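Data block below; observations after.
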Amino acid sequence: MKVSVSVLKEYDKLISAVENVNKSNADYLHVDVMDGKFVNNVKFPFETVKLVKNISTKPLDVHLMVNDVKTVIQYANLKPEYLTFHVEIIDDVKTIKYLKSLGIKIGLAINPETDINYLKPYMNDVDLVLFMSVNPGFGGQSFNEDVINKIKEFKKISPNNLIISIDGGVNDKTISFCKKAGCNMVVSGSYVTNCDDYNKQIKNLR
Ligand code: DX5
Ligand code: ZN
């Protein structure tokens with residue numbers, strides 16, 4: 001199980017949180033970009049992510065909770081390992097094809113209320129699907145178990161090599177649901193960053 005650590009809850013001590021992730025055996029650093037429109041919170045403006053990219057020794061897993069495709073293209077300039085944006089903001093495959101032509105791995109995130117049929121037109125063109133197990137916007141919320149059946153249903157129709165990731169409320173209890181559903185990557189924020197020993201928490205998720 002790949003583990004991507006979100007430092008959202010440590011936003012006011014961001015540099016030390018990024019350094020803690022550097023020191024840990026996390027696979028990715030998850031960066032939650034919020035524009036105040038797609039979600040009711042503003043976090044990680046472009047210059048902040050640029051700074052994070054400079055100090056992180058982990059590959060970046062950027063999760064864009066933004067309304068505007070132009071913003072997605074702006075963050076693509078940072079060439080993260082994964083650039084994930086929401087299926088709810090697109091209506092054709094053009095943007096994905098363009099981003100792929102830049103050599104970036106692309107993810108599509110899906111909110112708890114959104115039907116998996118919305119993923120169908122894009123699932124052969126992306127590298128990852130990020131299932132939200134909370135309503136996006138804030139860290140520290142509790143895991144919505146309804147997502148598990150949704151992932152199971154999606155796996156029946158999706159390409160085999162697609163990475164299935166999950167984000168929101170993942171901890172040492174809810175991780176077993178994620179494994180059963182067939183996720184091969186998890187995003188975890190507060191469960192990891194609320195503890196001084198990031199590696200101990202990460203180990204419980206693997
Ligand atoms: C929520 C974010 C998550 C969040 C996860 O909008 O997308 O990545 O930081 O935090 P926890 O693990 O605390 O739910
Ligand atoms: Zn996220």
Side-chain angles (χ1 to χ4, degrees), residues 1-14 17-18 20-21 24 26-45 48-49 52 56 58-67 71-72 75 78 80-89 105-114 126-148 151 163-179 181 183 185-196 198 200-206:
M1 179 70 83
K2 298 279 185 207
V3 178
S4 186
V5 174
S6 163
V7 286
L8 179 63
K9 285 285 257 177
E10 303 297 296
Y11 199 71
D12 44 7
K13 32 184 169 138
L14 192 55
V18 173
N20 285 340
V21 176
S24 78
D27 296 287
Y28 305 101
L29 175 71
H30 184 87
V31 178
D32 286 302
V33 177
M34 303 181 181
D35 67 352
K37 296 178 194 116
F38 187 79
V39 289
N40 191 17
N41 197 354
V42 179
K43 286 287 179 302
F44 289 101
T48 305
V49 183
V52 167
S56 176
K58 302 289 180 187
L60 294 197
D61 167 35
V62 174
H63 175 196
L64 298 163
M65 284 155 276
V66 302
N67 259 343
T71 314
V72 178
Y75 281 79
L78 294 171
E81 183 78 12
Y82 286 103
L83 186 74
T84 295
F85 59 100
H86 275 256
V87 69
E88 293 86 1
I89 72 161
K105 290 184 218 156
I106 300 300
L108 271 183
I110 179 163
N111 279 342
E113 302 301 322
T114 305
V126 295
D127 300 280
L128 174 151
V129 170
L130 179 65
F131 284 87
M132 295 307 300
S133 35
V134 296
N135 283 321
F138 300 89
Q141 305 182 73
S142 46
F143 188 88
N144 178 345
E145 283 175 37
D146 294 347
V147 74
I148 297 304
I151 297 174
I163 298 166
I164 306 291
S165 185
I166 185 162
D167 184 6
V170 176
N171 56 35
D172 56 345
K173 312 270 173 335
T174 55
I175 188 68
S176 62
F177 299 120
C178 308
K179 287 180 180 164
C183 297
M185 180 162 161
V186 284
V187 177
S188 185
S190 50
Y191 172 70
V192 174
T193 62
N194 281 351
C195 178
D196 288 335
Y198 283 19
K200 188 180 99 195
Q201 308 297 86
I202 292 167
K203 193 170 160 229
N204 291 338
L205 300 175
R206 286 213 192 269

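Start at 1 and go down the list; that is how both ligands and their atoms are numbered. Please read all numbers here as calculations on a predicted model, not as lab measurements.
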TODO: For D35 and F38, work out which heavy atoms get closest and say how close.
DONE: OD1-N, 2.8 Å

- [ ] Starting at CD of Q201, measure out to OG1 of T193 and round the result to the nearest 0.5 Å.
- [x] 9.5 Å

Using a cut-off of under 3.5 Å, which N/O atoms of ligand 1 pair up with protein N/O atoms, and what distance separates each pair?
| from | atom 1 | to | atom 2 | distance (Å) |
| --- | --- | --- | --- | --- |
| ligand 1 | 6 (O) | G137 | N | 2.8 |
| ligand 1 | 7 (O) | D32 | OD1 | 2.9 |
| ligand 1 | 7 (O) | H63 | ND1 | 3.2 |
| ligand 1 | 7 (O) | D167 | OD2 | 2.9 |
| ligand 1 | 8 (O) | H30 | NE2 | 3.3 |
| ligand 1 | 8 (O) | D32 | OD1 | 3.1 |
| ligand 1 | 8 (O) | D32 | OD2 | 2.9 |
| ligand 1 | 8 (O) | D167 | OD1 | 2.7 |
| ligand 1 | 8 (O) | D167 | OD2 | 3.0 |
| ligand 1 | 9 (O) | S6 | OG | 2.9 |
| ligand 1 | 9 (O) | D32 | OD2 | 3.0 |
| ligand 1 | 12 (O) | G189 | N | 2.8 |
| ligand 1 | 13 (O) | G140 | N | 2.8 |
| ligand 1 | 13 (O) | S190 | N | 3.0 |
| ligand 1 | 13 (O) | S190 | OG | 2.5 |
| ligand 1 | 14 (O) | G169 | N | 2.8 |

Open item on the list: Side chains of F44 and V52, heavy atoms from C-beta outward: is any pair under 4.5 Å?
Closed with: yes

Open item on the list: I want to check something: taking the side chain as every heavy atom from C-beta on, are Y198 and V21 in contact at a cut-off of under 4.5 Å?
Closed with: yes

TODO: Can you sort out the partners of F138 under ring pair (Phe, Tyr, Trp, His ring centres under 6.0 Å), two or more places apart, ordered by chain and number?
DONE: none

- [ ] Taking the six-membered ring of Y28 (Phe, Tyr or Trp), confirm whether the NZ or CZ of K58 is under 6.0 Å from its centre and within 45° of its axis.
- [x] no

Open item on the list: Per the side chain to side chain donor-acceptor pair (under 3.5 Å) rule, what does the pair list look like for residues 167-177, sequence neighbours excluded?
Closed with: H30-D167, H63-D167, N171-T174

Open item on the list: Distances under 2.8 Å only: what protein N/O/S atoms are near the Zn ion (ligand 2), ordered by chain and residue?
Closed with: H30 NE2, D32 OD1, H63 ND1, D167 OD2

Task: K179 atom NZ: more than 12 heavy-atom contacts under 6.0 Å - done: yes

Open item on the list: Taking atom CG as the centre, does N194 end up with more than 12 heavy-atom neighbours from other residues, nucleotides or ligands that are less than 6.0 angstrom away?
Closed with: yes

